[in-house]
Asks: 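Would you mind keeping the following structure in view while I ask a few things?
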Amino acid sequence: MSVRVRFAPSPTGQVHIGNIRTAIFNYLFARHENGEFLLRVEDTDRERSTDAAVKGVLDAMAWLGLDVDEEPMYQSTRTDAHLAVAQDLLDRGLAYKADKGDTGKGEAIIFRIPEGSLRFTDVLKGELTKSAEDVPDLVIVRSNGAPVFHLANVVDDIEMGITHVIRGDDHIENTYRHVALYDAIGAPVPSFCHLPMIVNQHGKPYSKRDGSAFVGEFRDTGFLPDAFLNYLSLLGWSPGDDLEVMDRQRLIDLFSLERIRSSASQMDMKKLMWMNGEFMRALPREMFSTGFEQSLSDAGFDSEVHGDAYKASVVALMQERTKLWADIGRDSGFFFTEAFGFDPKAARKRLQKDGVTEVLVALRELLLGLQDFSDVTVETAVRGYGEANDIPVGSLVNPLRVACSGLGHGPGLFEMLSLLGQDRVCARIERACALILTGTFPEIP
RNA sequence: ACGCCCAUCGUCUAGUGGUUAGGACACCAGGUUUUCAUCCUGGUAACCGGAGUUCGAUUCUCCGUGGGCGUGCCA
C-alpha cells in the first residue's frame with residue numbers, strides 16, 4: 001500500500017518551528033517512500049481559526065518547498081461526514097448522549113471507551129498500552145452540535161486514506177482514544193509515529209510568548225529555506241553517519257522514521273546561523289547576486305549606482321562572508337553610498353585616537369599620487385609607506401578600513417579600496433578626517 | 001495526585017554488554033589574513049542517581065530523581 005501522510009495544523013496563530021518540523025518530517029517521509037504528502041487544515045475551532053493563520057501555514061510551506069500532492073482539505077467543510085459517523089456510533093450503541101460534566105449546556109454525544117486496555121504500536125516508542133480505566137469517555141459532538149477534534153481527526157484520516165500519522169508526542173494520550181475510535185468505526189488503524197518536542201532556550205515547550213520561534217521570522221531575517229529545512233531536519237533526526245550539511249534530495253534519500261530520536265531537542269541559533277552561512281557560500285553566484293540586490297534595496301541602497309560590473313565585483317567579494325541576507329545592508333551598504341554610517345566601536349578604536357588624522361592625511365596624499373589603483377599597487381604603496389616611516393602596517397590599514405567603510409571588519413582592504421576607486425577612496429578619507437574633527441560619526445541605521 | 005512519555009559534552013547528535021564514548025555547532029589556543037569571515041592544527045567538555053543481572057554495564061531490568069504530556073463540550 002502506498003504511503004499517505006498529512007500535516008494537520010490548526011490555524012490559530014503563527015506557525016512555529018515545532019509545527020513546521022512535523023510538516024518537514026511528514027514531507028521527507030512521503031518523498032522518501034514515493035508516497036503522498038497532504039495538508040489538512042483543522043479549522044473546526046471557529047473561534048480561534050483565522051484566514052491569516054491559514055495563509056501563514058501555506059506561506060511557510062511554500063517557502064520551504066513542502067509541496068503537497070492534493071488540494072488541502074479544510075476540516076470545517078466536513079462537518080456532515082463527522083456527524084454521520086457520530087450518529088452511526090450512536091445507532092450501534094457505541095456512543096450515548098449525556099450532559100457530560102453536568103454543564104447545563106444540554107446533551108453531547110459521548111463515545112464509550114471500551115473495557116480492557118488500549119494499545120497501539122508507535123514507530124519510535126514501540127508497544128504502548130494504557131488501561132481503559134485511566135481513559136474517560138470522550139465527547140465527540142458538543143451539545144451545540146459541533147464535532148470535536150478527536151472525531152474529526154480520526155474520520156478525516158480515514159477518509160484521506162492516511163497510512164502513517166506522524167505528529168508531536170503531545171498527542172500520545174489522544175492516540176489511545178483514537179485507536180478505540182478506529183476500532184468502533186471499523187477502519188484499519190494507521191501506523192503512528194510520535195515525534196519528540198522542540199523546546200525553547202530554557203528547555204521549556206514553546207509558547208506564544210517565545211519570540212524567534214516563528215517560521216515567518218526566520219524567513220524575514222534572511223535565512224535560506226534549504227538551510228532552515230536542513231537544520232530542522234536534524235532536530236530529532238540524523239542520517240546515522242557524520243553527515244550534516246545536506247540538500248533536499250539528500251535528506252529525502254536518507255530519511256527514515258526509525259532514525260528519529262525519542263527525546264526533546266533544543267534549537268541552537270548559532271548552529272542554524274553557521275549552517276545558513278554554509279548554504280550562502282554554496283549558492284550559485286547568480287542566485288546569491290539576486291538575493292544580494294534584493295537585500296540591499298530592502299535596506300534602502302541603490303545597487304545600480306556604479307553599474308553591473310562593479311556590483312558583480314562586490315558580490316564576488318561578499319558572498320563568502322555573508323551569513324544572513326539581513327546583514328547585507330550593514331556589511332555591504334558602504335559600497336553603494338558615500339554617506340555611509342559608522343560602527344561606533346570601530347570609529348572609537350581606529351579613528352578617534354591621537355595621530356590618526358595625520359596618518360590618514362598622509363595616506364590620502366600617497367594614494368592620490370598613484371597612477372594605477374589596482375589592489376597590488378595600493379598594497380605596495382601602503383606597505384612601503386609604513387616601512388619608510390617606521391609605522392606598523394596595522395596602524396595604517398585599520399584606520400583606512402574604518403575611514404573608507406565605516407566598519408571594523410570586511411573584505412580584504414586592498415581589494416576593497418581598489419574596487420572603490422581612487423576618487424572615492426580619497427574623498428572618503430577626507431570625509432573621515434572631517435568627522436574626526438567634529439567628534440561625531442553618523443551611525444549605521 | 002494518578003496515568004503515559006523521555007534522559008550521552010553547554011547545544012544538536014553517533015554509538016556499544018568489553019570503545020582512548022565518535023562527529024558537528026559553540027567556546028579556548030595556535031597558524032593563515034591588515035580586520036572580520038573562510039581555511040588549517042590542537043584543546044576543554046558527556047553516558048542523571050541507586051540497586052540488580054553479568055566476568056564485565058553508558059548499553060539490559062527495577063526503583064528513584066528530573067523534565068514533558070495528559071486527566072477539557074481546546075486542537
Side-chain angles (χ1 to χ4, degrees), chain A residues 8-12 42-45 47-49 75 98-101 103-110 118 122 124-125 128-131 133-136 138-150 152-153 168-177 194 196-199 201 203-205 231 234-245 259 261-275 277-278 280-281 318-323 327 331 346 349-350 379 382-383 386 392-402 405 407-414 416:
Chain A
S10 58
T12 57
E42 303 214 327
D43 54 353
T44 52
D45 186 344
E47 304 283 292
R48 297 196 299 151
S49 299
Q75 198 159 57
D99 181 0
K100 189 166 183 283
T103 60
K105 292 180 190 169
E107 292 195 318
I109 301 179
I110 297 158
L118 302 169
D122 186 274
L124 301 179
K125 301 174 198 294
L128 265 26
T129 309
K130 187 154 179 159
S131 169
E133 296 167 22
D134 296 321
V135 183
L138 183 63
V139 173
I140 53 176
V141 179
R142 299 185 186 90
S143 52
N144 68 5
V148 166
F149 159 75
H150 304 284
N153 188 270
D169 66 9
D170 50 333
H171 280 291
I172 287 182
E173 300 293 331
N174 292 332
T175 304
Y176 290 109
R177 310 199 262 189
H194 287 99
M197 317 236 69
I198 296 178
V199 296
Q201 314 269 318
K204 300 289 179 190
Y231 180 76
L234 257 21
L235 238 40
W237 174 81
S238 75
D241 51 25
D242 293 332
L243 196 56
E244 291 203 307
V245 180
R259 291 205 56 84
R261 275 172 61 83
S262 50
S263 55
S265 41
Q266 210 176 72
M267 179 118 189
D268 180 355
M269 282 302 293
K270 290 245 179 79
K271 186 155 185 176
L272 206 212
M273 196 72 85
W274 162 78
M275 186 164 274
E278 293 288 305
M280 278 288 181
R281 276 189 290 285
M318 296 307 293
Q319 178 165 9
E320 64 182 292
R321 61 187 66 243
T322 298
K323 284 195 164 158
D327 291 343
D331 291 341
K349 188 171 174 194
R350 304 298 189 187
E379 178 162 8
V382 171
R383 285 188 189 281
V393 69
S395 300
L396 301 174
V397 147
N398 289 316
L400 214 40
R401 168 182 298 287
V402 181
S405 72
L407 302 172
H409 60 89
L413 177 70
F414 303 109
M416 182 179 108

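Each chain gets a letter, A, B and so on, in the order its sequence line appears, and its residues count up from 1. Reckoned from all heavy atoms, side chains included, excluding hydrogens, waters and symmetry mates.
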Asks: What is the distance from atom CZ of A:Arg281 to atom CZ of A:Arg321, rounded to the nearest 0.5 Å?
Replies: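 Interatomic distance, A:Arg281 CZ to A:Arg321 CZ, rounded to 0.5 Å: 10.5 Å.
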Asks: Side-chain N or O of A:Ser238 versus OP1/OP2 of B:A14: is the shortest distance under 4.0 Å?
Replies: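 Checking B:A14 against A:Ser238, a side-chain N or O does come within under 4.0 Å of OP1 or OP2.
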Asks: Check every strand shown and say whether A:Ser131 touches a base, only sugar-phosphate, or nothing at a heavy-atom separation below 4.0 Å.
Replies: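 No contact at all - A:Ser131 keeps every heavy atom at 4.0 Å or more from the nucleic acid.
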Asks: With the sugar-phosphate defined as primed atoms, P, OP1 and OP2, and the base as all remaining atoms, what B/S/- string results for nucleotides 21-27 of chain B, 5' to 3', for protein heavy atoms under 4.0 Å?
Replies: -BBBBS-
Asks: Verify the contact: side-chain N or O of A:Lys100 to OP1 or OP2 of B:C73, cut-off strictly under 4.0 Å; return yes or no.
Replies: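 Yes, such a contact exists.
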Asks: Between B:A37 atom P and A:Met280 atom CE, what is the distance in whole Å?
Replies: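 It is 17 Å, rounded to the nearest whole Å.
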Asks: Scan A:Asp99 against the nucleic acid and name what it touches under 4.0 Å (heavy atoms): base, sugar-phosphate only, or nothing.
Replies: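 Result for A:Asp99 = base.
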Asks: State the CD-NZ distance between A:Glu173 and A:Lys130, to the nearest 0.5 angstrom.
Replies: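 Those atoms lie 3.5 Å apart.
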Asks: Contact class for A:His194 vs. all strands (heavy atom < 4.0 Å): base, sugar-phosphate, or nothing?
Replies: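 No contact.
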Asks: For B:G68, does OP1 or OP2 lie under 4.0 Å from any side-chain N or O of A:Ser263?
Replies: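 Indeed not, no polar side-chain atom of A:Ser263 lies that close.
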Asks: Applying a 4.0 Å non-hydrogen cut-off, can you work out what A:Asn174 is touching in the nucleic acid: base, sugar-phosphate, or nothing?
Replies: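 It contacts base atoms.
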Asks: For B:C6, does the base pair up with any side-chain atom of A:Ser262 as donor and acceptor (N or O, under 3.5 Å, distance only)?
Replies: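 By the distance-only test, no, there is no pair.
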Asks: In terms of the nearest nucleotide of RNA chain B, which residue is placed more toward the 5' end: A:Phe414 or A:Thr103?
Replies: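 Whichever sits nearer the 5' end wins; that is A:Phe414.
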Asks: Considering only atom P, compute the distance from B:G10 to B:C47 and round it to an integer number of Å.
Replies: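 Taking atom P in both B:G10 and B:C47, they lie 8 Å apart.
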Asks: With rounding to whole Å, what would you report as the distance between B:U38 and B:A24 at their P atoms?
Replies: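 The same atom, P, in both gives a distance of 15 Å.
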Asks: I'd like the P distance from B:G23 over to B:C9, given in whole Å.
Replies: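 So the two P atoms sit 16 Å from each other.
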Asks: If I pick the P atom on B:U8 and the same atom on B:C55, what distance separates them, to the nearest angstrom?
Replies: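 Those two atoms are separated by 30 Å.
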Asks: Please evaluate the base of B:C73 for a donor-acceptor partner in the side chain of A:Ser143 within a cut-off of under 3.5 Å?
Replies: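 Answer is yes: a donor-acceptor pair is held.
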Asks: Does A:Gly240 reach a base, just sugar-phosphate, or nothing at all? Heavy atoms under 4.0 Å.
Replies: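 Since only primed, P, OP1 and OP2 atoms lie under 4.0 Å of A:Gly240, the category is sugar-phosphate.
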Asks: Let me spell it out: for each of A:Asp134 and A:His409, pick the nucleotide of RNA chain B with the closest heavy atom. Which residue's pick is nearer the 5' end?
Replies: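 The answer here is A:Asp134.
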Asks: Indicate, with a heavy-atom threshold strictly under 4.0 Å, whether A:Tyr231 touches base, sugar-phosphate, or nothing.
Replies: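 Nothing, no heavy atom under 4.0 Å.
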Asks: Pick base, sugar-phosphate or nothing for A:Ile140, based on heavy-atom distances below 4.0 Å to the nucleic acid.
Replies: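 Result for A:Ile140 = nothing.
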Asks: Below the 4.0 Å mark, does B:A14 have OP1 or OP2 next to a side-chain nitrogen or oxygen of A:Arg261?
Replies: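 Looking at the OP1 and OP2 atoms of B:A14, one of them is under 4.0 Å from a side-chain N or O of A:Arg261.
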Asks: Establish whether the base of B:G3 is bridged to the side chain of A:Glu173 by a donor-acceptor pair shorter than 3.5 Å.
Replies: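 Indeed there is one.
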Asks: How is A:Leu235 classified with respect to the nucleic acid when contacts are heavy atoms under 4.0 Å: base, sugar-phosphate, or nothing?
Replies: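 Touches sugar-phosphate only.
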Asks: Hey, does A:Gly168 reach any base, or is it just sugar-phosphate, or nothing, if we go heavy atoms under 4.0 Å?
Replies: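 Result for A:Gly168 = nothing.
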Asks: Side-chain N or O of A:Arg177 less than 4.0 angstrom from OP1 or OP2 on B:G72?
Replies: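 Answer no for this pair, as no side-chain N or O of A:Arg177 is under 4.0 Å from OP1 or OP2.
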Asks: Side-chain N or O of A:Arg383 less than 4.0 angstrom from OP1 or OP2 on B:U34?
Replies: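 So the side chain of A:Arg383 is within the cut-off, an N or O lying under 4.0 Å from OP1 or OP2 of B:U34.
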Asks: Which parts of nucleotides 59-67 of chain B does protein reach within less than 4.0 Å, heavy atoms only, written one letter per nucleotide 5' to 3' as B for base, S for sugar-phosphate only and - for none?
Replies: --------S
Asks: So does A:Ser238 get a backbone contact from the side chain of A:Arg259, meaning a donor-acceptor N/O pair under 3.5 Å?
Replies: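 The answer is yes, because a donor-acceptor pair under 3.5 Å joins these two groups.
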Asks: Looking at every strand, decide which applies to A:Gly106 at a 4.0 Å heavy-atom threshold: base, sugar-phosphate, or nothing.
Replies: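 Contact class for A:Gly106: base.
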Asks: Is A:Arg321 close enough to B:U35 that one of its side-chain N or O atoms is under 4.0 Å from OP1 or OP2 there?
Replies: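 For A:Arg321, the contact criterion (side-chain N or O under 4.0 Å from OP1 or OP2 of B:U35) is not met.
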Asks: What is the nucleic acid contact for A:Pro411, judged by heavy atoms within less than 4.0 Å: base, sugar-phosphate only, or nothing?
Replies: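 Base contact - A:Pro411 has a heavy atom under 4.0 Å of at least one base atom.
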Asks: Assign A:Glu320 to base, sugar-phosphate, or nothing according to its heavy-atom contacts below 4.0 angstrom with the strands shown.
Replies: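 A:Glu320: base contact, heavy atoms under 4.0 Å.
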